[in-house]
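Reading through the structure tokens given below for one structure.
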4 protein chains.
Amino acid sequence: MSRGNTRQRIQDVALELFAEQGYEKTSLREIAERLDVTKAALYYHFKTKEDILDSLFQDLAAKPTTDLIAWAETQPSTLETKLEILRRYSQAITGAAPLFRFMQENQATMRDLKIGDHMKRRIFDLLDLIRDNDAPLVDQVRCSSALFTMHASLFTLQHSDVPLEEKSKAALEVAQELVTTAHRGSEGASHGDLPRTEKKSA
Amino acid sequence: MSRGNTRQRIQDVALELFAEQGYEKTSLREIAERLDVTKAALYYHFKTKEDILDSLFQDLAAKPTTDLIAWAETQPSTLETKLEILRRYSQAITGAAPLFRFMQENQATMRDLKIGDHMKRRIFDLLDLIRDNDAPLVDQVRCSSALFTMHASLFTLQHSDVPLEEKSKAALEVAQELVTTAHRGSEGASHGDLPRTEKKSA
Amino acid sequence: MSRGNTRQRIQDVALELFAEQGYEKTSLREIAERLDVTKAALYYHFKTKEDILDSLFQDLAAKPTTDLIAWAETQPSTLETKLEILRRYSQAITGAAPLFRFMQENQATMRDLKIGDHMKRRIFDLLDLIRDNDAPLVDQVRCSSALFTMHASLFTLQHSDVPLEEKSKAALEVAQELVTTAHRGSEGASHGDLPRTEKKSA
Amino acid sequence: MSRGNTRQRIQDVALELFAEQGYEKTSLREIAERLDVTKAALYYHFKTKEDILDSLFQDLAAKPTTDLIAWAETQPSTLETKLEILRRYSQAITGAAPLFRFMQENQATMRDLKIGDHMKRRIFDLLDLIRDNDAPLVDQVRCSSALFTMHASLFTLQHSDVPLEEKSKAALEVAQELVTTAHRGSEGASHGDLPRTEKKSA
DNA sequence: GATGAATGAGGCTTCATTCAT
DNA sequence: GATGAATGAAGCCTCATTCAT
């Protein structure tokens, strides 16, 4: 019956509960009960509670974000690259939505967790690829905001009627618009026409 | 020395610790020790742990946001009004920064707390005053994003060198820009002069 | 009923159980049950399990041994002094018999405990006051043996019929004899005949 | 490589860890990990944790001590015999040093272990062969002390610079001296002045 | 206005052991 | 000859809360 899949099942249930209730409020007892297994069984598969979370991070978020950053670092720092970074990041987030939701909503907790540091570093790396450190503060905020928009729009608000994918698409659009504006700004320059990001969707 | 101000001191320390470490990870023991007082003393001033948090909310966030919403509801739903809402909200946030930071970073926890509901309601009220429910999804995301931008820019990122007030100002600017874009979009078409917030950085 | 004496009662029961069963095999649950109190109550009075043991050490063994060493350091390093050290140490041990028995029988455990170090240091201090570092190995062993004799004779063997005080006295006597022999040896001296330790009593 | 020797390797590692850390604090997990084997493998070779210890006792200590006692029982109860017993016991101890060290340092634990009883019996048997039950208490303590001296001198003190064998030799010498003194005393008989050790305290 | 003492619930973790394969 | 998976018991500890004083 419970063949080799227990580890996976633990991860599934844990992610669900962590995302739903938060890390602290989810006890190993609860996870175990949900799986009809003893707490000790969890410890056969994972060394600590934090380890369960770490494994989720490794399995769901580590590779995509690492790959994205690696790819981005080989690209020229053009607007097109930045927009593509956002698009790919949007995909990464959507592909591991519950985990990213968890991170959004448990930031205080994350500060003492290994994955807190990991993620922080990665997000800063992304940010650095998107923004220009010499640009005016407003432009930098635009870029941060681009990232937060994607995080927050998906999880914080529950336009429950709208499917995730549409929200994701809309968030990406707004994020790209923000980065475009920032990019245009830091380039200095005069160009008659506005960054009509809306064109894309037209 | 510690005359009638113990209640206040409890609030101060609690807010500091809640913001720094999160709600769950801050124990009453810790608060009491910091004040050189017994846990039981806390219970003389507050009925429960959650009560301490609620009192902070009442004292720091309730009035400003309630007032803001009340005021906003008496205004016409013009772009100017919306921009003013953002400005005032920016002030409210900055005036109670640690508390808002706490909310940002403890969203999962907030879900089971009274003030979680309170704040959620208020933010949705604000959102409703800013966005047009019939507008395209992208515009709605712009408006949400405006709010999140103000929340997130202040607390999540540590441009530690930049003073809070400048960050606050920049965030407001981006937020207003987002709402302006959204507004322009939902109004359909023709409007002679854009609220070119970008001018400032020019 | 349980007025201010709970702390004391915890110590009493703990010492009894630690001595009887060993440190690891005595659980806080057991101590609590014996006192008809909850485990949490123990934690009101002591920060950790180890703390209970430490407090016993402080209350029963620290002062006597510290005093003894302090006194001994003010004395000349004569045989009389050494014999008096043994006498006083014998008293210290007998006065805190269960604790010393505990130490004897839980040496492996003591290695990871704070009091392990403390006691080790103290015993080595005593040893240094009794033996001569330049003396032949045999004499050094005599001195160590003197100390061990007092420890071991009291607790390891259960001549259950013989009262503690007589055992204590006999052990002291043997210990003093050993140190006397050692002392005579290190004093140089020429004695054609074998180290007839027996001479001493002649 | 690891042919039929796994059982042996388990014993080796277990003895090392038991002696180093104590019985309770050494877990089967730790032993298994050191051997790069699963805990379950240990159970193929031994029925319980205690069984591992017992096997060590059987393989290292049982035969030598049994033989020693058997031999001693065939001998006349002269001083020479006693001194020879000590010599042989010294060899036994030195030959299984880690195991004897373990016993020394885990006496509390040994009380609930099968080998605790075994060893206790054996040591008492030895003691009975060495001492005279009708002798004065002091002489009996001398004999116990002789045994303890050999145990303790080897393991408790770390004259780390002195090689084990020299310590062993010195300890044996002191032990023999103690027994000699005791023997001369219990022989009662005619020697002008008794070993009136009590004089000292007079 | 606050303390001292205690509780009950529950947290994470570790252990020796089992058993089907 | 050994593993993989799991269990049940128990360990230490922390927490929010209560209440008599």
Side-chain angles (χ1 to χ4, degrees), chain A residues 1-7 10 24-32 35-52, chain B residues 2-7 10 23-32 35-52, chain C residues 1-7 10 24-32 35-52, chain D residues 2-7 10 23-32 35-52:
Chain A
M1 191 171 264
S2 75
R3 271 205 296 289
N5 61 337
T6 299
R7 192 189 144 96
I10 293 172
E24 269 105 348
K25 297 230 296 290
T26 301
S27 69
L28 295 187
R29 179 179 56 65
E30 203 174 352
I31 296 176
L35 291 167
D36 208 45
V37 162
T38 48
K39 271 178 293 168
L42 306 185
Y43 279 89
Y44 176 77
H45 293 281
F46 299 95
K47 261 209 322 250
T48 75
K49 185 185 181 185
E50 190 176 344
D51 239 47
I52 301 181
Chain B
S2 73
R3 266 213 306 292
N5 62 341
T6 298
R7 190 190 146 96
I10 294 172
Y23 181 76
E24 268 106 349
K25 295 228 297 290
T26 301
S27 68
L28 295 188
R29 177 178 57 63
E30 204 174 352
I31 296 176
L35 290 167
D36 211 46
V37 161
T38 22
K39 270 182 293 173
L42 305 184
Y43 280 89
Y44 178 81
H45 293 282
F46 298 95
K47 248 190 2 222
T48 76
K49 184 185 182 185
E50 192 176 345
D51 244 45
I52 301 180
Chain C
M1 190 171 264
S2 74
R3 273 206 293 290
N5 62 338
T6 299
R7 192 190 144 96
I10 292 172
E24 269 107 348
K25 296 230 296 291
T26 301
S27 69
L28 296 188
R29 178 178 56 65
E30 203 174 351
I31 297 176
L35 291 167
D36 208 46
V37 163
T38 46
K39 270 178 293 168
L42 306 186
Y43 280 91
Y44 176 77
H45 294 282
F46 299 95
K47 261 209 321 246
T48 74
K49 184 185 181 185
E50 190 175 346
D51 240 47
I52 300 180
Chain D
S2 71
R3 265 214 305 293
N5 62 340
T6 298
R7 191 190 145 95
I10 293 172
Y23 181 76
E24 269 105 349
K25 296 230 295 291
T26 300
S27 68
L28 295 188
R29 177 178 56 64
E30 205 174 350
I31 296 176
L35 291 167
D36 212 44
V37 161
T38 22
K39 269 181 293 172
L42 306 184
Y43 279 90
Y44 177 81
H45 293 282
F46 299 95
K47 244 189 7 219
T48 76
K49 184 184 181 185
E50 192 176 344
D51 244 45
I52 301 180

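Letters go in sequence order (proteins before strands), and every chain restarts at 1.
Rounded to whole Å, atom P of F:dA5 lies 12 Å from atom CZ of A:F46. C:I31 places its CD1 atom 13 Å from the C1' atom of F:dG11, with the value rounded to the nearest Å. Here the P atom of nucleotide F:dC13 and the NE2 atom of C:H45 are 16 Å apart, to the nearest Å. Atom CD in C:E30 sits roughly 18 Å away from atom P in F:dA9 (whole-Å rounding). In this structure, A:L42 atom CG and F:dG8 atom P are separated by 14 Å, rounded to whole Å. Summarising the geometry, the separation between CG on D:L28 and P on F:dT7 is reported as 19 Å, rounded to the nearest angstrom. D:K47 has its NZ atom 19 Å from the P atom of F:dA2, to the nearest Å. Here E:dT14 presents its P atom at 20 Å from OH of D:Y23, a figure rounded to the nearest Å.
Helical stems involving DNA chain F, defined as 3 or more consecutive Watson-Crick or G-U pairs under 3.5 Å, span E:2-21 with F:2-21.
With DNA chain F read from its 5' end, the first of the two nearest nucleotides for D:A41 and A:A41 is the one closest to D:A41. Both A:R7 and B:E50 sit near DNA chain F, but only A:R7 has its closest nucleotide nearer the 5' end. Comparing A:T48 and C:D36 by the nucleotide of DNA chain E whose heavy atom lies nearest to each, the residue mapping closer to the 5' end is C:D36.
Under 4.0 angstrom from either OP1 or OP2 of E:dA2 there lies no side-chain N or O belonging to B:T38. Considering only side-chain N and O atoms, C:R29 lies nowhere under 4.0 angstrom from the phosphate OP1 or OP2 of F:dC12. Close to E:dT13, at under 4.0 Å from its OP1 or OP2, lies a side-chain N or O of A:Y43. Here B:Y44 does not reach the OP1 or OP2 of E:dA2: none of its side-chain N or O atoms lies under 4.0 Å away.
Counting only heavy atoms from C-beta outward, the side chains of D:V37 and D:I10 never approach each other to under 4.5 Å.
The NZ atom of C:K39 sits 8.0 Å away from atom CZ of C:R29, with the distance rounded to the nearest 0.5 Å. Note: A:H45 NE2 to A:I52 CD1 = 10.5 Å, rounded to the nearest 0.5 Å. Summarising the geometry, atom OG1 belonging to A:T48 is positioned 8.5 Å from atom CG belonging to A:L28; distances are rounded to the nearest 0.5 Å. Taken to the nearest 0.5 Å, the CG atom of D:L35 stands 8.0 Å off from the OG1 atom of D:T6. Atoms NZ and CG, from C:K49 and C:D51 in turn, are 13.0 Å apart once rounded to the nearest 0.5 Å.
Distance from the side chain of A:S27 is smallest for E:dC12 among the nucleotides E:dT14, E:dT18, E:dC12. Residue D:K39 places its side chain closer to F:dA6 than to any other of F:dA6, E:dG4, F:dA16. Side chain of A:T6, nearest nucleotide from F:dC19, F:dA6, E:dA16: F:dA6.
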Are A:Y44 and A:R7 close enough, and set up right, to give a side chain to side chain contact (heavy atoms under 4.5 Å, CB included), and what steps lead you there?
-> CA-CA 9 Å; A:Y44 176 77; A:R7 192 189 144 96; over 6 Å; no
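In terms of polar N and O atoms assigned as donor or acceptor, the side chain of B:K49 never comes within less than 3.5 Å of the base of F:dT17 in a complementary pairing.
The closest donor-acceptor contact from the side chain of D:K25 to the backbone of C:E24 lies at 3.5 Å or more, if one exists at all.
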